[in-house]
> 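Encoded as structure tokens, here's the structure I'll be asking about.
In what follows, every chain begins at residue 1, and chains take the letters A, B, ... in the order their sequences are listed.
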Protein chains: 2
Amino acid sequence: MAGTDGRTTGARYRRLAADLREAIASGAFGSDGRLPSEEQLAQQYGVSRGTVRQALSVLRANGLVTSRRGTRRVVLGTARTQSFMELMSFTLWARSLGEEPGGRTIDITRCTANPLEREQLGLAPGAEIYRVLRLRTLSRVPIMIERTIYVEHVGAMIAGLEPEAISHIEPLTEQGVVFADAEHTVDLVYADAEDAELLGCEEGAPLMRERRRATDPAGTPLEWSEDRYLPGTVSFTVHNSVASTALSRRRA
Amino acid sequence: MAGTDGRTTGARYRRLAADLREAIASGAFGSDGRLPSEEQLAQQYGVSRGTVRQALSVLRANGLVTSRRGTRRVVLGTARTQSFMELMSFTLWARSLGEEPGGRTIDITRCTANPLEREQLGLAPGAEIYRVLRLRTLSRVPIMIERTIYVEHVGAMIAGLEPEAISHIEPLTEQGVVFADAEHTVDLVYADAEDAELLGCEEGAPLMRERRRATDPAGTPLEWSEDRYLPGTVSFTVHNSVASTALSRRRA
DNA sequence: AAGTGGTCTAGACCACGTG
DNA sequence: ACGTGGTCTAGACCACTTA
């Protein structure tokens, strides 16, 4: 519960948030889970109240602590949310589970984007894209099929990787591609012939579908992906509050 | 693009956020979608830069605008996210779609919570709960079956409603029950005999499942619900960014 | 009545992107 | 070099909860 250990890089409020996250996970706030007041934390950590509030707002958005006028904050639960990159990268996600990620690239093609693809990536007529088809495994068991299209300059990097490369996103990040935002949509679809063959299920079998559009910090789309999971292999969880709503329910 | 019209209640930054939301929706920021600088907005609206930033952070969390050091913010899209209550209430949601919400309460029972239910609502052994089973329709077509358990004092209010009441949450809100946070988990399940009969599908047919735990501002659980949708009727969408991650992918 | 978080202000410096 | 958003500070007042 010290106030001086912990990280030394990045913004103060991020380090503080990480510290508090640890303190929460280790049960440092007692059985009732009441946090110190903002003023107390500010003094303990030698920062202003504004910085404390910035740190706490992160924890609040993650559903870790309450926040209401008049009473101290209370611990709601330990960290469940994953980092943004863990959501983008099947490989990172698998590793964080302690499972062995695998993947087989079935096909990579460079071609001219069709109208639908142009809309998904916000491209002009005639733009070139890369289409990538991969089968993903968890501890050698196929669980997901991934159909992704990349804007040209990103796809070119992917095409330069070895076919056996397990992670595609890590090399991209090393080469300076920055993913900043993503929109995920989850629904239910039925396996087509290709799905069935690759996943080893019946044609017409139900699958969980996650569609995802990822952009760079400027808002420019980088990739658009449609992932199909075998039932019983994944679920998606969202935390939502009056103050910050990220989720929406749509008519199909 | 005036700065003086708009709401007159609630926090300044919320009113400002609503104003900016409208301005974005009406295309007031031109074809390139570049927003004025924070300093300019502060002067236009007669507030401090801090308040402007607070308003913009709301829009950012909703995926409406970009935000990066060095450049002005840019419009990403018009509002897609729904209010927190629209997510909690099937009735509100249906109305916002312009469709007619309907519901039939199949069963309400007061009983002692079993161990699983106690864990879901964080209750002590022996606690009483209400179990509610409802069939939900959109424009008279059944699309979802809802199995909800309520803590005792909330369930008692539900039990006092007419059986034909379309909305359960609205009366609760009027009686002072405040929903503040919720955690939603989406996956795929297969219809059991009861699902099949009520939804009019085959037993074993695939359904989209949304499980939800909702709490009051103090973090005390109020309800736990398991909703099952017919395929093709809904999808769930989440916006996610490096700065604020609410979503997580789980091994089933 | 006292304590706490929510809101707002005014000002400062820095890191980054662009011209 | 300049403008921009990101971070941080110090202080103020208010709304709410709790005792």
> Give one of base, sugar-phosphate or nothing for B/Arg12, where a contact means two heavy atoms less than 4.0 Å apart.
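It contacts sugar-phosphate atoms only.
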
> When B/Glu117 is tested against each of B/Arg147, B/Arg213, B/Arg131 for salt bridge (Lys or Arg N to Asp or Glu O under 4.0 Å), which residue passes?
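The salt bridge (Lys or Arg N to Asp or Glu O under 4.0 Å) with B/Glu117 is passed solely by B/Arg131 among B/Arg147, B/Arg213, B/Arg131.
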
> A/Arg73 near the nucleic acid: base, sugar-phosphate alone, or nothing, with a heavy-atom cut-off under 4.0 Å?
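Sugar-phosphate only.
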
> Which atom pairs, donor and acceptor, lie under 3.5 Å between side-chain atoms of residues 215-222 of chain A and protein residues at least two apart or in another chain?
{"residue": "A/Asp216", "atom": "OD1", "partner": "A/Ala218", "partner atom": "N", "Å": "2.9"}
{"residue": "A/Asp216", "atom": "OD1", "partner": "A/Gly219", "partner atom": "N", "Å": "3.0"}
{"residue": "A/Asp216", "atom": "OD1", "partner": "A/Thr220", "partner atom": "N", "Å": "2.9"}

> Out of the candidates A/His184, A/Glu226, A/Glu183, A/Glu223, only one should pair with A/Arg212 under the side chain to side chain donor-acceptor pair (under 3.5 Å) rule; please name it.
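That would be A/Glu223.
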
> Between atom CD in A/Gln40 and atom C1' in C/dG5, what is the gap in whole Å?
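To the nearest whole Å, that distance equals 13 Å.
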
> For A/Asp216 and C/dC16, give me the distance from atom CG to atom P, rounded to whole Å.
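After rounding, the gap between these two atoms is 16 Å.
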
> Once you round to the nearest 0.5 Å, how far does CZ of A/Arg249 lie from OG1 of B/Thr81?
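Reported value, rounded in 0.5 Å steps: 14.0 Å.
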
> Using heavy atoms to find the nearest nucleotide of DNA chain D for A/Gly70 and B/Arg68 separately, return the residue whose nucleotide is more 5′.
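The residue closer to the strand's 5' end, by nearest nucleotide, is B/Arg68.
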
> Does any N or O in the side chain of A/Asn62 come within less than 3.5 Å of the main-chain N or O of A/Leu64, such that one atom is a donor and the other an acceptor?
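No; judged by distance alone, with no hydrogens or angles, the pair does not exist.
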
> Quick one: on DNA chain C, does B/Ser48 or B/Thr71 contact a more 5' nucleotide (nearest heavy atom)?
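The 5'-side residue here is B/Ser48.
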
> At the 4.0 Å heavy-atom cut-off to chain A, mark where contacts on DNA chain D begin and end, going 5' to 3'.
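Footprint of chain A along DNA chain D, 5' to 3': D/dT7 to D/dT18.
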
> Sorted by first residue and then second, give each salt bridge (charged side-chain N to carboxylate O under 4.0 Å, His left out) pair with at least one member in residues 57-75 of chain A; sequence neighbours left out.
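Checked against salt bridge (charged side-chain N to carboxylate O under 4.0 Å, His left out) - neighbours excluded - the pairs reaching residues 57-75 of chain A are A/Glu38-A/Arg73.
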
